Amino acid sequence: MNTDRIVRTFVEYFEERGHRRITGSTLLPPEDDPVLFTTSGMHPLTPYLEGRPHPLGGRLVNVQRCLRTTDLEEVGDSTHLTVFEMLGTWSLGDYGHRQSLDWAFGLLTEGFGIDPGLLYATAFGGDDRTGPDTASLELWQERGVPVELTVEDNWWSGGPTGPCGPDSEIFLWTGDTPPRSTPTGDGRWVEVWNHVSMGHRQLADGSLVPLPRNNVDTGLGLERLAAAVQRRTSVFECDLFDPWRRLVPALWPLDEPSLRLVCDHLRSAVVVIGDGVRPAGTGRGHVLRSLVRRVLTVVRRHDPSGSLGDLPDELVRHTLDHFRQGEDPHVVRRVLLEEERRFGRLLERGRRVLARPRFRGPLSEEDFHYLHDTHGLPRDLVLGLRPE
Ligand code: SER
């Protein structure tokens, strides 16, 4: 089952259960949102989760592209991507947590054919503010899915304030040998689907107040699910990455961790440009700039003459088409190449400045500040230019 079919199966399953499909937004949240990029499917729905009536009613389903810079350092393992897609469902004061989990179990096992023996769930065990999530616990016990109870790991909140609540996470077994432990103890249990029972708002002093109605917010990572359904060992091997895995190794001689990073960051850079962002020194443009520079640094470590000019059009087109972005592929390539040239000039300047006798020995904090403020040389770049 390819990812297009996975998405269709998911959306139709929930449409058959009374959900209306809402259009997933771009990576850019609305103007007044302080967050740089959309980080989850629920993000654009926050006002409705807080009580505003949604024009399409109380049962919603969508596919939302997300970008998480918090996961940047983890990209390269089997499960993390910078840009990923989240399949989401919402009950805005309609059905409860138990119903949501029951449908999830049905879809995973019958719709996607996943062996129920490969599932494990976690649920909220209760703390001094809120009791244990017995509804989830009972449902999983009735369905024969083992459950681990935790406290911190099963309390979801998007930040220090805002909607929050206990969640129940569904994990899939991805190992070749039997599990050593439960999901919190063995990383081969991969979290795929989070169901949050969102009935509270956290205030700045840490206290909880009830929301006007009890919601359920769920998010399922598309690439993780695709890897599992397609029996691949990492998100980089699901069908979305097929053209990347076919074409990138022929361009640059990268080892596997570098190949993953380059494919992830380049694909993310294309999507971010496709959503209208341009490289800059701050904000969203800075995230884009960092993605491109990391790609160039890794590529050139393996191939000093490697250039983004070698990037086949097919990869840019494949990505823009997948995310239904209308940007001209030539514009995307031009943005990438301009950024490469700018980075090249900066590296040249960095080499010249660092060759001065003053910078031959160990660098002090003051040196780093000077290099940054006077010459525009960020710390990472300086460290990358210094001999080991
Ligand atoms: N809000 C939850 C998450 O981000 C589910 O959508 O995981």
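The model shown is predicted, which means the values in this text are computed figures rather than measured ones.
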Distance-minimising heavy-atom pair for [X] and [Y]:
X    : Y    : result
C164 : R201 : SG-C, 4.2 Å
L291 : A269 : CD1-N, 4.2 Å
L251 : L311 : CD1-CA, 4.3 Å
P178 : W173 : C-CZ2, 4.0 Å
T3   : A226 : CG2-CB, 3.5 Å
E237 : D242 : O-OD1, 4.3 Å

Counting only N and O atoms by type, is there a donor-acceptor contact under 3.5 Å from the side chain of [X] to the main-chain atoms of [Y]?
X    : Y    : answer
H97  : H195 : yes
T374 : Y370 : yes
R20  : P55  : no
R293 : F343 : no
H80  : G76  : no
D186 : R180 : yes
E50  : L211 : no
D367 : S364 : yes
Q325 : V271 : yes
R349 : H375 : yes

>> side chain to side chain contact (heavy atoms under 4.5 Å, CB included), that's the test. Do D313 and H330 meet it? Break it down for me.
In response: CA-CA 8 Å; D313 268 345; H330 295 108; 4.0 Å; yes
Report the distance from atom [atom1] of [X] to atom [atom2] of [Y], rounding to the nearest 0.5 Å.
X    : Y    : atom1 : atom2 : value
L108 : L225 : CG    : CG    : 6.5 Å
T89  : D217 : OG1   : CG    : 7.5 Å
M86  : T218 : CE    : OG1   : 9.0 Å
I170 : L220 : CD1   : CG    : 8.0 Å
L261 : D255 : CG    : CG    : 10.0 Å
M1   : T9   : CE    : OG1   : 4.0 Å

>> Please check if the number of heavy atoms outside H286 that lie under 6.0 Å from its NE2 is greater than 12.
In response: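 Counting neighbours around NE2 of H286, 12 or fewer heavy atoms of other residues, nucleotides or ligands fall under 6.0 Å, so no.
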>> Check this for me: E110, atom CD, are more than 12 non-hydrogen atoms of other residues, nucleotides or ligands nearer than 6.0 Å?
In response: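 Atom CD in E110 is not crowded, with 12 or fewer foreign heavy atoms closer than 6.0 Å.
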Quick one: do the [X] and [Y] side chains pair a donor with an acceptor below 3.5 Å?
X    : Y    : answer
D303 : S305 : yes
W189 : T182 : no
W155 : T130 : no

>> If the test is salt bridge (charged side-chain N to carboxylate O under 4.0 Å, His left out), which one of R317, R278, R334, R333 qualifies with E327?
In response: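 With E327 as partner, R317, R278, R334, R333 yield a single salt bridge (charged side-chain N to carboxylate O under 4.0 Å, His left out), made by R278.
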> Between Y120 and F171, is the gap from one ring center to the other below 6.0 Å?
Replying inline: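 Ring centroids of Y120 and F171 are no less than 6.0 Å from each other.
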> Does some side-chain heavy atom of Q99 sit less than 4.5 Å from a side-chain heavy atom of R17?
Replying inline: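 With C-beta onward as the side chain, the pair stays apart.
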> Is the shortest heavy-atom distance from the side chain of R143 to the side chain of T109 under 4.5 Å?
Replying inline: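 In short, these two side chains do not touch, never coming nearer than 4.5 Å.
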> Please walk me through it: do R65 and D275 pass side chain to side chain contact (heavy atoms under 4.5 Å, CB included)?
Replying inline: CA-CA 11 Å; R65 54 178 172 271; D275 272 346; 2.8 Å; yes
>> Show, in sequence, the C-alpha distance, side-chain angles and deciding distance for S268 and H265, and conclude whether the side chain to side chain contact (heavy atoms under 4.5 Å, CB included) test is met.
In response: CA-CA 5 Å; S268 299; H265 284 20; 5.6 Å; no
Is there a continuous path of hydrophobic side-chain contacts, each under 4.5 Å between heavy atoms, that joins [X] to [Y]?
X    : Y    : value
I273 : V277 : yes
V229 : F14  : yes
Y48  : V61  : no
L60  : L222 : no
V192 : F84  : no

> Between E256 and R260, is a salt bridge (Lys or Arg N to Asp or Glu O under 4.0 Å) present by the stated rule, with each step listed?
Replying inline: CA-CA 6 Å; E256 179 64 20; R260 289 179 175 189; 2.9 Å; yes
> When you measure from the centre of the six-membered ring of F323, is the NZ or CZ of R267 under 6.0 Å away and within 45° of the axis?
Replying inline: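 Negative - R267 is either too far from the ring of F323 or too far off its axis.
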> W103 pairs by ring-ring contact (aromatic ring centres under 6.0 Å, His included) with which of F10, Y13, Y95?
Replying inline: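 Only one of F10, Y13, Y95 forms a ring-ring contact (aromatic ring centres under 6.0 Å, His included) with W103, namely Y95.
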>> Could you go through R379 and E365, starting from their C-alpha distance and side-chain angles, then the distance that decides it, and tell me whether this counts as side chain to side chain contact (heavy atoms under 4.5 Å, CB included)?
In response: CA-CA 10 Å; R379 180 186 290 258; E365 276 309 303; 2.7 Å; yes
